[in-house]
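Note on naming: letters A, B, ... go to the chains in the order of the sequence lines (proteins, then strands), and numbering restarts at 1 for each one. Treat the numbers as computed from the prediction; the structure is a model and nothing was measured.
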Protein chains: 2
Amino acid sequence: MSAGEQRARKPRADVQRNRAALLETAQRHFLQHGVGTSLEAVAKEAGVGPGTLYRHFPTREALLAAVLQTRSEELVARQADIEQLGDPAEALEQWLRAMEEYFSAFSGLPDPLMAAARAQEPDNPLTIPCHILITATDQYVRAAQLAGRVRASVRGHDLFLAACSVAWIKGTGTEEEPLDRLRTLIASGYRQQDPQA
Amino acid sequence: MSAGEQRARKPRADVQRNRAALLETAQRHFLQHGVGTSLEAVAKEAGVGPGTLYRHFPTREALLAAVLQTRSEELVARQADIEQLGDPAEALEQWLRAMEEYFSAFSGLPDPLMAAARAQEPDNPLTIPCHILITATDQYVRAAQLAGRVRASVRGHDLFLAACSVAWIKGTGTEEEPLDRLRTLIASGYRQQDPQA
DNA sequence: AACGTGTACGGAGGCAGCATCCGTTTTGAT
DNA sequence: ATCAAAACGGATGCTGCCTCCGTACACGTT
């Protein structure tokens, strides 16, 4: 028996039930009140004690990461659509928008995201998703560069930062119009002007 | 006497002393711990009770605005230097950097700044400084546009947002190198390419 | 120099949120 | 039916926010 490392006992029913209730409630609260919402309130509304919440999700980031899991998968799913676009410049554009939407899922999300992205803290549960995003962005950038549609000096990381910025500004309550102008400004910054003059 | 509306009595000595001590201490704490620092700690270290702090500065923003006063004046002073540059494109560039430094004075500063900029809350003591900055930026932008050095579609407000973003990212602890690439990206976004091809 | 008044002080106190710890309950296995 | 492990949950201690009000002090007056 020591050889089989799975074969733990079946996960308890209440554990799954509580976890699901917590995730569901947490998502609602993050949506309504931003990432800074009261965890105590989440626990209470989910019908569990604070201890249970903290046992399932030791930190706010852990809860956040778990709630974001669904959305991460949506993002991955979108990649398939994007990649069969053919046009790498268009693909990059759409990818950036998709990422921005992901960052804007909850108000205040960009802050913990940046903290995780910067981090050599492998214990931060948001770190891995962040690095995945940066790497993915870099690939779209390289493809568009090979097609001569993006300046050579641009890196994926730069556009990750840019998308994060836009999401941050969005989260502060700025209207869509100035946001759109900012997006345009950034796009003008990374796009390669056509060689035809 | 009802006609003269000034002519209150001379301001008390302890008031001035406490105010000065609070500002000095608050600045240190904002520098070391960011804008979210404990006001209770500030009061204690300044040698006053919490009540005194809140009487002088009813909100965190009020304290912040008062502490920023000095730096605002430095910014205005810089404008003189900048304006006698002659080159409007260079002037804009320097102005943006000056603004960015101002926004980066304390970690976390961009958040209350954005909240104030968006606001029709005239009671927010940061609102006025923000609008002054936006207006000033717009003037530099217009000047550079007249010289054909900046795209026509750009507005001062856009670059205000951009500078704020960069400062925000800086405040999250990102290193200088990616920051510089982001600045370059943004600059490429607003600059008008020379008509000579 | 002493006084009186009004202004400012400051700390106690109520509240909210975080995070932990441990006695009790629930759950699945035997 | 019984048992041990696992999970629960709330009481608890802590930090920080902000207010309220009895007290002390500074200033103008006599």
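Side-chain N/O atoms of B/His56 include one lying less than 4.0 angstrom from OP1 or OP2 on C/dC9. OP1 or OP2 of C/dG10 lies within a sub-4.0 Å distance of a side-chain N or O belonging to B/Thr52. The side chain of A/Ser38 places an N or O atom within less than 4.0 Å of a non-bridging phosphate oxygen (OP1 or OP2) of C/dC18.
Between the P atom of C/dT7 and the CD atom of B/Gln16 lies a distance of 16 Å, rounded to the nearest Å. For the pair B/Lys44 NZ and C/dA12 P, the interatomic distance rounds to 11 Å; values are reported in whole Å. Between the P atom of C/dT20 and the CZ atom of A/Phe57 lies a distance of 16 Å, rounded to the nearest Å. As a whole-Å value, the separation of A/His33 NE2 from C/dG17 C1' is 14 Å. B/Leu63 places its CG atom 11 Å from the P atom of D/dC18, with the value rounded to the nearest Å. Counting to the nearest Å, the P atom of D/dG16 and the CG atom of B/Leu53 are 14 Å from each other. Note: NE2 (B/His29) to P (D/dT15) measures 16 Å, nearest angstrom.
Within the nucleic acid shown, B/Thr59 has no heavy atom closer than 4.0 Å to any nucleic acid atom. When heavy atoms are screened at a 4.0 angstrom cut-off, A/Pro58 is found touching no nucleic acid atom at all.
Between A/Arg28 and A/Glu24 there is a salt bridge, with a side-chain nitrogen of the basic residue lying less than 4.0 Å from a carboxylate oxygen of the acidic one. A salt bridge does not link A/Glu101 to A/Arg97: none of the charged side-chain nitrogens sits closer than 4.0 Å to a carboxylate oxygen. Salt bridge status for B/Glu176 with B/Arg183: present, with a side-chain N to carboxylate O gap under 4.0 Å. Using a 4.0 Å cut-off between a side-chain N of Lys or Arg and a carboxylate O of Asp or Glu, A/Arg181 and A/Glu177 qualify as a salt bridge.
Using modelled atom types, one finds a donor on one side chain and an acceptor on the other under 3.5 Å when comparing A/Glu93 with A/Tyr190.
Ring geometry, B/Phe103 versus B/Phe160: the interplanar angle exceeds 60°, so the pair is classed perpendicular (tilted spans 30 to 60°). Using a 30° and 60° split on the angle between ring planes, A/Trp168 and B/Trp168 fall in the parallel class, below 30°.
In terms of position along DNA chain D, the nucleotide closest to A/Val48 lies nearer the 5' end than the nucleotide closest to the other residue of the pair A/Glu40 and A/Val48. Of the two residues contacting DNA chain D, namely A/Arg19 and B/Tyr54, the nearest-nucleotide position lying further toward the 5' end is that of A/Arg19.
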Restricting both atoms to N or O, compile the protein contacts to nucleotides 26-29 of chain D shorter than 3.5 Å, with distance only.
from: D/dC27; atom 1: OP1; to: B/Ala13; atom 2: N; distance (Å): 2.9

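The minimum heavy-atom distance between B/Ala46 and B/Leu22, with the atom names listed, is CB-CD2, 3.8 Å.
Listed nucleotides C/dG17, D/dC18, D/dA7 differ in distance to A/Val15; the shortest reach to its side chain belongs to D/dA7. Of the candidates D/dA7, D/dA11, C/dG10, the closest approach to any side-chain atom of A/Arg55 belongs to D/dA7. Comparing atom distances between the A/Asn18 side chain and each of D/dC8, C/dT20, D/dT19 picks out D/dC8 as nearest. Nearest nucleotide to the B/Arg60 side chain, out of D/dC8, D/dT19, D/dC17: D/dC17.
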